[in-house]
Amino acid sequence: MRAIDWQDDAVVIIDQTLLPARAEFLVLRQPEQLVTQIQRLAVRGAMALGVAGAMGVALGAVRAREQGRDVLDAARAAAALVSRARPTAVNLAWGTARALASAPDGVDAVVATALSVRDADIAANRAIGARGAALLRGARRVLTHCNTGALASVEVGTALGVIGHLHRQDPLEMVFAAETRPLLQGARLTAWELGQARMPHRIVVDGAAAGLILSGAVDAVVVGADRIAVSGDTANKVGTVAHALAAARAGIPFVVAAPEATIAGDTPSGADIPIEERDEQEVLCVAGHRVAPPGARARNPAFDVTPADLITAIVTERRVIPLGRSDTGVSAA
């Protein structure tokens, strides 16, 4: 299964808002349609968004050729539209920039670039999985947050790819999937992927994770990233920093698995990372039913920033970057 792909000059995605109840694929032929699905989280995850960015530009170029419009202008318009769909995820803008750079060479060049981004994503995920598993060799009980598997990329995933590689080397005792409020990507998506892979797992509410870590029930925490600053400060799905604080207290590894493209050279530190604020109704309601009292308001930041000094290492497809944590017994060289 590919969470996102290119077929017959259209983008095909699995609608992740419907999982785990059913798997339904959407065929998107316009950049505007893709933006809508990105914003409603039908396609999500840093690496999948990088592919979506490139394919969004390809959609603009292909439709322009069909309609006899200027291809370069259409590609630029699509890139501007798609890159703004979610501001925290740096991979989205990276993917659009990659595809747009090839637009002067014509539609076929744009499509070829988009497909190369897709294929590079698959290869990078496999490399991240192997490198991360080597770093965490011996960890038998792992906790993760949000969804970082095939659904968040194309085929394999980042943090969940590391976990899968560990499991293939030596079956894990347990994977703890934090539910990831308010949209439950962990409970809905990660648990679904773990079930498909037949890995032993338990869903835990976000507030239970720190206690589990401090009790000694977890050997390592592995998460993904939506943007990594030059300093190593890392933005990931809201709730991540709580796991990092608990891991630091417990002295266990806290590892970030992400592609090189997630490292934002134009973002010096975590203070410079824009944090997406989503609709407060996501917090005030559950499954479309309001649970908060009338008149209650909410804050709904989609991400938080984990400081570099709480992170053991960042694992990319090329390297392991050791950061502030040296108390875990993990060699990040």
Side-chain angles (χ1 to χ4, degrees), residues 1-17 23-126 150-158 226-227 258-262 264 266 317:
M1 181 196 70
R2 287 184 171 178
I4 180 169
D5 208 352
W6 181 266
Q7 297 177 14
D8 299 325
D9 286 340
V11 176
V12 180
I13 64 168
I14 186 168
D15 186 347
Q16 298 186 34
T17 67
E24 182 175 306
F25 287 85
L26 303 176
V27 178
L28 312 173
R29 300 187 62 80
Q30 302 291 342
E32 294 81 3
Q33 293 175 317
L34 180 60
V35 167
T36 296
Q37 299 308 325
I38 289 171
Q39 291 176 335
R40 64 183 288 270
L41 305 185
V43 58
R44 39 145 300 282
M47 297 192 79
L49 289 177
V51 176
M55 289 185 176
V57 177
L59 284 179
V62 167
R63 299 290 87 81
R65 179 169 63 182
E66 290 175 350
Q67 298 162 11
R69 294 185 287 114
D70 185 273
V71 168
L72 185 55
D73 286 347
R76 287 171 176 159
L81 180 70
V82 175
S83 64
R84 294 194 299 265
R86 298 198 68 193
T88 303
V90 69
N91 297 69
L92 185 59
W94 171 84
T96 61
R98 284 284 306 274
L100 184 59
S102 62
D105 297 323
V107 174
D108 292 342
V110 177
V111 172
T113 299
L115 296 183
S116 73
V117 170
R118 176 201 64 190
D119 295 344
D121 175 279
I122 296 170
N125 274 249
R126 297 190 187 284
L151 293 171
S153 55
V154 178
E155 285 185 357
V156 180
T158 53
D226 287 85
R227 184 186 294 242
E260 289 281 338
T262 306
D266 60 352
E317 69 272 30

Practice item. Applying salt bridge (Lys or Arg N to Asp or Glu O under 4.0 Å), name anything that partners R126, two or more places apart in sequence or on another chain. Key: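 With sequence neighbours excluded, R126 shows a salt bridge (Lys or Arg N to Asp or Glu O under 4.0 Å) to E155, given in chain and number order.
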Practice item. Keeping to residues at least two apart or across chains, list the salt bridge (charged side-chain N to carboxylate O under 4.0 Å, His left out) pairs with something in residues 71-84. Key: D73-R76
Check your understanding: Which pairs pass salt bridge (charged side-chain N to carboxylate O under 4.0 Å, His left out) with one or both residues in residues 110-120, sequence neighbours excluded?
Key -> D5-R118
Could you work out, with side-chain contact (heavy atoms from CB on, under 4.5 Å) as the rule, every residue matching [X], not counting sequence neighbours?
| X | result |
| --- | --- |
| W94 | R98, V117, A261 |
| V62 | W6, D9, E66, V107, V111 |
| L81 | P31, E32, V35 |
| A10 | V27, R29 |

Counterpart residues, side-chain hydrogen bond (donor to acceptor under 3.5 Å, both in side chains), relative to [X] (two or more places apart):
| X | result |
| --- | --- |
| S102 | T113 |
| T17 | D15, R40 |
| Q7 | none |
| S83 | none |

Restricting to non-hydrogen atoms, name the atom on [X] and the atom on [Y] that form the minimum distance, rounded to 0.1 Å.
| X | Y | value |
| --- | --- | --- |
| A264 | R227 | CB-CG, 3.9 Å |
| G56 | L34 | CA-CD2, 3.5 Å |
| L72 | A103 | CD1-CB, 3.6 Å |
| G60 | A74 | O-CB, 3.6 Å |

Acceptor/donor pairs from residues 42-50 side chains to any protein atom, 3.5 angstrom cut, sequence neighbours excluded:
unit_1, atom_1, unit_2, atom_2, d
R44, NH1, Q16, OE1, 2.7
R44, NH1, N147, OD1, 3.0
R44, NH2, N147, O, 2.6
R44, NH2, N147, OD1, 3.4

Exercise for review: With rounding to the nearest 0.5 Å, note down the distance linking CD1 in I4 to CD1 in I13.
Suggested key: 7.0 Å
Exercise for review: Supply the atom-to-atom distance Q33 CD to L59 CG, rounded to the nearest 0.5 angstrom.
Suggested key: 8.5 Å
Review point. Under the side-chain contact (heavy atoms from CB on, under 4.5 Å) criterion, do V57 and V110 qualify, and how do the steps go?
Key: CA-CA 7 Å; V57 177; V110 177; 4.0 Å; yes
Check your understanding: Are any of the side-chain heavy atoms of T262 and T158 separated by less than 4.5 Å?
Key ->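 Result no, sub-4.5 Å side-chain heavy-atom pair not found.
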